[in-house]
Peer 1: 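The structure that follows is given in the form of structure tokens.
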Amino acid sequence: RYRLSAKSTLEQDMIFYADSPEVVFETRMDWQDDHRFLKAAFDTTIHTDYASQEIQFGYIRRVTNRNTSVEKSKFEVSNHKYTDLSETRYGAAVLNDCKYGHSVKDSNMALTLIKSGIEPNPVTDQEEHDFTYALYPHAEGWRSAGTVAESYKLNQPLKVALHAQKNQKEEYSFVTVDSSNVILETIKKAEEGNGTVLRMYESENSYTKAKVTVNAEFNKVYVCNLLEEEEKEAEVNGKEISVVLKPYEVVTLKLV
């Protein structure tokens with residue numbers, strides 16, 4: 001437990017796992033200050049010129065130094081679920097579930113937890129907050145280390161529902177993708193009401209041929225645009241659907 005100021009307090013559970021290098025910070029904060037900026041900083045020894053930071057359906061590389069006026073203006077930048085610093089054989093990522101301001105300078109990574117300005121709301125952020133972030137040190141680069149998958153685990157933790165089903169196998173997935181860099185982002189009913197939509201994207205800037213396996217009955221599969229308008233019929237072999245994704249491409253499939 002920390003007293004951050006005369007008015008504000010913070011309580012954290014720092015969780016270490018026997019089978020994972022990840023350190024999770026489950027945080028509860030009572031914040032009652034204004035004109036204050038609170039960050040969680042991790043000072044590493046990683047030497048790299050670029051940080052990889054997630055944006056929607058991909059990532060962006062930003063420099064870690066401050067040599068130009070443009071670089072100096074990036075003292076605070078946006079990320080979604082992760083920011084990763086990686087050398088060729090080692091790296092570390094800061095994962096978060098709802099805090100999107102981040103700064104990286106040299107080997108120091110800092111996640112913004114509270115930014116309590118007073119315009120246009122004079123009591124911005126003055127309330128109780130619950131959030132989680134994590135430090136994920138890893139071997140190799142961030143792609144090999146599965147940083148994207150770890151960030152999804154933090155943001156969308158596994159939920160288990162127990163129910164009896166006749167002849168059900170011990171292991172079962174409704175949909176699986178055989179390429180780890182292809183993220184199945186969405187499973188939903190089609191907007192028009194007929195069929196199921198699967199939306200996926202390529203997350204590592206790599207041209208990829210993937211196989212999508214669906215453990216359900218369907219007649220046809222269509223590749224659609226983001227408005228779910230059918231563009232062409234997908235190649236299907238039994239329950240396997242062949243998909244080709246360009247770097248960062250978002251692909252929408254509709255099963256009918």
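Please read these numbers as outputs of a predicted model, since none were measured by experiment.
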Peer 1: Mind running salt bridge (charged side-chain N to carboxylate O under 4.0 Å, His left out) on Arg66 and Glu71 for me, showing each step along the way?
Peer 2: CA-CA 5 Å; Arg66 300 287 188 270; Glu71 292 164 359; over 6 Å; no

Peer 1: For residues Asp106 and Leu85, report the shortest heavy-atom separation together with the two atoms involved.
Peer 2: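 Asp106 and Leu85 have their closest heavy atoms at O-CD1, 4.1 Å.
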
Peer 1: Which of these passes side chain to side chain donor-acceptor pair (under 3.5 Å) with Gln53: Arg61, Lys81, Arg62, His80?
Peer 2: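 With Gln53 as partner, Arg61, Lys81, Arg62, His80 yield a single side chain to side chain donor-acceptor pair (under 3.5 Å), made by Arg62.
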
Peer 1: Donor-acceptor pair, Asn121 side chain versus Val123 backbone, under 3.5 Å?
Peer 2: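 Checking the backbone N and O of Val123 against the side chain of Asn121, a donor-acceptor pair under 3.5 Å is found.
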
Peer 1: Should the heavy atoms of other residues, nucleotides or ligands under 6.0 Å from CZ of Phe37 be counted, would the total exceed 12?
Peer 2: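 Atom CZ in Phe37 is crowded, with more than 12 foreign heavy atoms closer than 6.0 Å.
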
Peer 1: Over all heavy atoms of both residues, which pair between Val148 and Tyr201 is shortest? Give the atoms and the distance, please.
Peer 2: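 Taking Val148 first and Tyr201 second, the nearest heavy atoms are CG1-OH, 4.4 Å.
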
Peer 1: In the hydrophobic clustering (ILVMFWY, side-chain contacts below 4.5 Å, transitive), which residues join Ile55, or is it alone?
Peer 2: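 Ile55 shares its hydrophobic cluster with Ile60.
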
Peer 1: Heavy atoms only: give me the nearest Tyr248-Gly58 pair and the separation to one decimal.
Peer 2: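 The pair with the smallest heavy-atom distance is CD2-CA, 4.0 Å.
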
Peer 1: Which pair of non-hydrogen atoms, one from Asn79 and one from Gly101, has the smallest distance, and what is that distance?
Peer 2: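 Closest heavy-atom pair between Asn79 and Gly101: ND2-N, 4.5 Å.
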
Peer 1: If you compare all heavy atoms of Ser151 against all heavy atoms of Asn155, which two are closest, and at what distance to 0.1 Å?
Peer 2: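 Nearest pair, atom of Ser151 first, then Asn155: O-ND2, 2.8 Å.
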
Peer 1: Membership question, hydrophobic clusters at under 4.5 Å side-chain separation (ILVMFWY): are Tyr59 and Tyr136 in the same one?
Peer 2: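 Yes, it is one cluster - the side chains of Tyr136 and Tyr59 are joined through contacts under 4.5 Å.
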
Peer 1: Any donor-acceptor pair under 3.5 Å linking the side chain of Thr147 with the backbone of Ala145?
Peer 2: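 Checked: no pair found.
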
Peer 1: Checking Thr132 against Glu26 for the side-chain hydrogen bond (donor to acceptor under 3.5 Å, both in side chains) test, could you report, in this order, the C-alpha distance in whole Å, the side-chain angles of both residues, the deciding distance, and whether it holds?
Peer 2: CA-CA 5 Å; Thr132 301; Glu26 291 186 353; 5.1 Å; no

Peer 1: Within this structure, what is the NE2-CG distance for the pair His129 and Leu38, rounded to the nearest 0.5 Å?
Peer 2: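 That separation rounds to 10.0 Å.
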
Peer 1: Using the salt bridge (charged side-chain N to carboxylate O under 4.0 Å, His left out) rule, take Arg28 and Glu11 through it: C-alpha gap first, then chi angles, then the decisive distance, then the call.
Peer 2: CA-CA 5 Å; Arg28 294 159 297 282; Glu11 181 179 326; 3.3 Å; yes

Peer 1: Report, as yes or no, whether the 6.0 Å neighbourhood of atom NZ on Lys7 holds more than 12 heavy atoms from other residues, nucleotides or ligands.
Peer 2: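 Counting neighbours around NZ of Lys7, 12 or fewer heavy atoms of other residues, nucleotides or ligands fall under 6.0 Å, so no.
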
Peer 1: Can you establish whether the number of heavy atoms outside Phe42 located under 6.0 Å from its atom CZ is more than 12?
Peer 2: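 Above 12, so yes.
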
Peer 1: Does Asp178 use its side chain to pair, donor to acceptor, with the backbone of Lys211 at less than 3.5 Å?
Peer 2: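 Looks like yes, one N/O pair under 3.5 Å.
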
Peer 1: Check whether Ser116 reaches the backbone of Arg36 with its side chain - one donor and one acceptor, N or O, closer than 3.5 Å.
Peer 2: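 Yes.
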
Peer 1: Is Thr252 reaching over with its side chain to a backbone N or O of Arg199, donor-acceptor style, under 3.5 angstrom?
Peer 2: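 Judged by distance alone, no pair lies under 3.5 Å.
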
Peer 1: Going through the distances and angles, do Glu230 and Lys220 end up as a salt bridge (charged side-chain N to carboxylate O under 4.0 Å, His left out)?
Peer 2: CA-CA 12 Å; Glu230 297 172 6; Lys220 291 185 178 182; over 6 Å; no

Peer 1: With hydrophobic residues grouped by side-chain heavy-atom distances under 4.5 Å, do Val214 and Ile183 end up in a single group?
Peer 2: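 No; tracing contacts between hydrophobic side chains, which count when under 4.5 Å, never links both residues.
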
Peer 1: Looking at Arg3, I want to see if its CZ is surrounded by more than 12 non-hydrogen atoms of other residues, nucleotides or ligands under 6.0 Å.
Peer 2: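 Enclosed.
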
Peer 1: Can you tell me how far apart OG1 (Thr48) and OH (Tyr90) are? Round to the nearest 0.5 Å.
Peer 2: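 Reported to 0.5 Å precision, the distance equals 13.5 Å.
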
Peer 1: With distance as the sole test, does Ser8 use its side chain to make a donor-acceptor pair with the main-chain N or O of Ser5 at under 3.5 Å?
Peer 2: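 Side chain of Ser8 to backbone of Ser5: no pair is present.
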
Peer 1: Fit a plane to each ring of Phe131 and Tyr133, take the angle between them on a 0 to 90° scale, and name the class: parallel (under 30°), tilted (30 to 60°) or perpendicular (over 60°).
Peer 2: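 Rings of Phe131 and Tyr133: parallel, under 30°.
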
Peer 1: Checking side chain to side chain contact (heavy atoms under 4.5 Å, CB included) against Met109, which of Thr44, Asp43, Thr64 comes through?
Peer 2: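 Among the candidates, only Thr44 passes.
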
Peer 1: Checking Glu185 against Tyr152: is there a side-chain donor and acceptor pair closer than 3.5 Å?
Peer 2: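 The answer is yes; a qualifying pair exists.
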
Peer 1: To the nearest 0.5 angstrom, please state how far the CD atom of Glu191 sits from the CG atom of Leu227.
Peer 2: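 Those atoms lie 10.0 Å apart.
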
Peer 1: Return the set of residues passing side chain to side chain contact (heavy atoms under 4.5 Å, CB included) with Leu158 (not counting sequence neighbours), or none when no residue passes.
Peer 2: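 Per chain and number, Leu158 pairs via side chain to side chain contact (heavy atoms under 4.5 Å, CB included) with Val160.
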
Peer 1: For the side chain of Glu202 and the backbone of Glu204, is there at least one donor-acceptor N/O pair under 3.5 Å apart?
Peer 2: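 Yes; judged by distance alone, with no hydrogens or angles, the pair exists.
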
Peer 1: Can you tell me how far apart CD (Glu228) and NZ (Lys188) are? Round to the nearest 0.5 Å.
Peer 2: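 It is 3.5 Å, given to the nearest 0.5 Å.
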
Peer 1: Test your reading of the model: is there a side-chain donor-acceptor pair from Asp30 to the backbone of Thr9, 3.5 Å cut-off?
Peer 2: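 No; judged by distance alone, with no hydrogens or angles, the pair does not exist.
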
Peer 1: Given the rule that I, L, V, M, F, W and Y join up when any side-chain heavy atoms are under 4.5 Å apart, are Val94 and Val24 in one cluster?
Peer 2: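 In one cluster: no.
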
Peer 1: Without swapping roles, check the side chain of Lys99 against the backbone of Leu113 for a donor-acceptor pair under 3.5 Å.
Peer 2: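 Yes; judged by distance alone, with no hydrogens or angles, the pair exists.
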
Peer 1: Would you compute the distance between atom NZ of Lys239 and atom OG1 of Thr213 and round it to the nearest 0.5 angstrom?
Peer 2: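 If we round to the nearest 0.5 Å, Lys239:NZ and Thr213:OG1 are 9.5 Å apart.
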
Peer 1: Membership question, hydrophobic clusters at under 4.5 Å side-chain separation (ILVMFWY): are Leu226 and Val223 in the same one?
Peer 2: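 Shared cluster, no.
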
Peer 1: Starting at CG of Leu95, measure out to CG of Asp84 and round the result to the nearest 0.5 Å.
Peer 2: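 It comes to 8.5 Å.
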
Peer 1: Under 3.5 Å, is there a donor-acceptor pair between the Thr112 and Glu76 side chains?
Peer 2: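 Side chains of Thr112 and Glu76: pair found under 3.5 Å.
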
Peer 1: Do His102 and Asn96 meet the criterion of a side-chain donor-acceptor pair at a distance under 3.5 Å?
Peer 2: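 The criterion, which ignores hydrogens and geometry beyond distance, is not satisfied for Asn96 and His102.
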
Peer 1: Do other residues, nucleotides or ligands put more than 12 heavy atoms under 6.0 Å from the CG atom of Asn237?
Peer 2: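 Result for CG/Asn237: open.
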
Peer 1: Please check if the number of heavy atoms outside Glu235 that lie under 6.0 Å from its CD is greater than 12.
Peer 2: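 No.
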
Peer 1: With a cut-off of 6.0 Å (strictly less than), are more than 12 heavy atoms of other residues, nucleotides or ligands near CD of Glu217?
Peer 2: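 No, because the 6.0 Å sphere around CD of Glu217 holds 12 heavy atoms or fewer from other groups.
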
Peer 1: If you group Ile, Leu, Val, Met, Phe, Trp and Tyr by side-chain heavy-atom gaps below 4.5 Å, do Leu184 and Phe57 land in one group?
Peer 2: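 No.
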
